[in-house]
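Reviewing the structure listed below.
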Amino acid sequence: MKKVVALLIFFTAGSSLFAQSWSDKFQLGVKGGVNVSTVTGDGFSDPDHRTSFYAGLLAEAPITETFSLQPEVFYSRQGYDLNENNDGADAEYQLDYIQVPVLLKVYLIDGLNIHAGPQFGFKVNEDINFPDAEDDIDTDAVRDFDLQLTSGLEYKFAESFFIQARYTYGFSELVEDTDVHNSYFSAGIGYMF
């Protein structure tokens, strides 16, 4: 919880600094959407995708007419599905993160941009859900931090409402000494104030 509070303070302080220097162009916003996530790597056979959601806050600070810097903070439900695993039961491995990307946006034409940058994932929940069980099984096998790279495409309508799609890949090993990494696509909508 201390990490989450520290991230929110950092995000707010950083936004205030950007707002002072770019007050006429600086924007704050909200966003949300759907994640389709799994894990990849040699250390894991291909599990099924887990479909869930993300939601959070963002700020955009123009550097020039073409380039912007966009820090974000959002809650992201990730993981994967295990259908017909060893004991014959279906299960959902739930990994939830507070994600903090710092993106460089390049506007190709009015409203349309591509963006990419590092993303810092802080695990806030990890459990296994069996649909027929009363309670989830809490685990702690996955590392608490995941360094990722994210990139995507976004279109802004009238500088406020936007749609976006992204792909994110985790460079950190999820479990120590295993070649298993987060991988997910996301698509969503947002609004800039």
Side-chain angles (χ1 to χ4, degrees), residues 3-4 7 11 29-60 70-85 90-106 112-131 136-156 162-191:
K3 291 178 185 176
V4 173
L7 286 172
F11 186 76
V30 295
K31 70 176 200 164
V34 65
N35 284 334
V36 179
S37 62
T38 190
V39 291
T40 62
D42 294 336
F44 207 88
S45 60
D46 293 330
D48 290 337
H49 293 84
R50 177 184 185 211
T51 303
S52 197
F53 73 91
Y54 69 91
L57 305 170
L58 61 132
E60 183 173 355
Q70 181 166 298
E72 302 178 356
V73 60
F74 60 93
Y75 181 79
S76 178
R77 294 186 52 127
Q78 298 166 212
Y80 53 92
D81 285 344
L82 294 169
N83 294 325
E84 298 179 10
N85 57 35
D90 292 344
E92 183 178 64
Y93 201 102
Q94 300 173 344
L95 287 170
D96 301 341
Y97 289 88
I98 297 294
Q99 298 285 14
V100 183
V102 180
L103 306 171
L104 178 63
K105 297 175 77 170
V106 180
L112 180 66
N113 72 75
I114 56 174
H115 51 268
Q119 181 167 290
F120 310 99
F122 300 91
K123 183 183 77 172
V124 293
N125 181 54
E126 175 186 1
D127 55 43
I128 301 171
N129 176 274
F130 291 92
D136 293 348
I137 299 171
D138 290 331
T139 65
D140 196 23
V142 172
R143 292 180 176 189
D144 291 337
F145 177 76
D146 188 19
L147 176 62
Q148 305 158 6
L149 177 65
T150 189
S151 61
L153 184 67
E154 175 185 274
Y155 188 79
K156 257 190 198 180
F162 64 87
I163 58 173
Q164 66 179 205
R166 286 188 189 160
Y167 174 70
T168 303
Y169 180 81
F171 289 108
S172 303
E173 294 177 337
L174 284 186
V175 179
E176 190 172 349
D177 298 326
T178 62
D179 182 28
V180 178
H181 305 271
N182 272 318
S183 172
Y184 68 94
F185 288 96
S186 60
I189 61 172
Y191 187 83

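- Annotation for Y80 and P47: closest pair CD1-CB, 3.6 Å, computed over non-hydrogen atoms.
- Between E126 and the options D96, L174, L95, a side-chain contact (heavy atoms from CB on, under 4.5 Å) holds for only L95.
- When all heavy atoms of D146 and F171 are compared, the closest pair comes out as OD1-N, 4.1 Å.
- Of all heavy-atom pairs between Y54 and S76, the closest is CB-CA, 4.1 Å.
- Taking the six-membered ring for Trp and the full ring otherwise, the centers of F145 and F122 sit less than 6.0 Å from each other.
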Might you work through the side-chain contact (heavy atoms from CB on, under 4.5 Å) test for T168 and Q78, ending with a clear yes or no? CA-CA 11 Å; T168 303; Q78 298 166 212; over 6 Å; no
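- In this structure, CD in Q148 is found 7.0 Å from OH in Y97, a value given to the nearest 0.5 Å.
- Residues V175 and A141 approach most closely at CG2-O, 3.7 Å, considering heavy atoms.
- Closest of all the heavy-atom pairs between S183 and Y167 is OG-OH, 2.9 Å.
- With contacts defined as side-chain heavy-atom distances shorter than 4.5 Å, the pair T51/N35 does not qualify.
- A donor-acceptor contact shorter than 3.5 Å links the side chain of S37 to the backbone of G79.
- The backbone N or O of K105 sits nowhere less than 3.5 Å from a side-chain atom of Q70 that would complete a donor-acceptor pair.
- Distance alone, capped at 3.5 Å, is enough to place a donor-acceptor pair between the D179 side chain and the D42 backbone.
- For the pair F185/H49, no side-chain contact is recorded, criterion being any heavy-atom separation below 4.5 Å from C-beta on.
- I189 CD1: 12 or fewer foreign heavy atoms inside a 6.0 Å radius.
- Between Y155 and I163 there is a side-chain heavy-atom pair separated by less than 4.5 Å.
- Distance alone, capped at 3.5 Å, places no donor-acceptor pair between the R50 side chain and the D81 backbone.
- Minimum heavy-atom separation, L58 to F162: CD2-CZ, 3.9 Å.
- Contact check for I128 versus Y93: side-chain heavy atoms found under the 4.5 Å cut-off.
- With values rounded to the nearest 0.5 angstrom, N113 atom CG is found 8.5 Å from Q164 atom CD.
- Ion pairing between a basic and an acidic side chain is recognised when a charged N comes within 4.0 Å of a carboxylate O; E60 and K156 show such pairing.
- Proximity of a side-chain donor or acceptor of S172 to a complementary backbone N or O of L147 within less than 3.5 Å is detected.
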Please evaluate residues N182 and Y169 with respect to the criterion side-chain contact (heavy atoms from CB on, under 4.5 Å), reporting the C-alpha separation (whole Å), side-chain torsions for both, the decisive distance (0.1 Å), and the verdict. CA-CA 6 Å; N182 272 318; Y169 180 81; over 6 Å; no
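- Ion pairing between a basic and an acidic side chain is recognised when a charged N comes within 4.0 Å of a carboxylate O; K123 and D144 show such pairing.
- A distance of 12.0 Å separates CG in L103 from CD1 in I114, rounded to the nearest 0.5 Å.
- Within the model, atoms CD of Q94 and CG of D127 stand 4.5 Å from one another, a figure rounded to the nearest 0.5 Å.
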Show your working on side-chain contact (heavy atoms from CB on, under 4.5 Å) between E72 and Q99 and close with a plain yes or no. CA-CA 8 Å; E72 302 178 356; Q99 298 285 14; over 6 Å; no
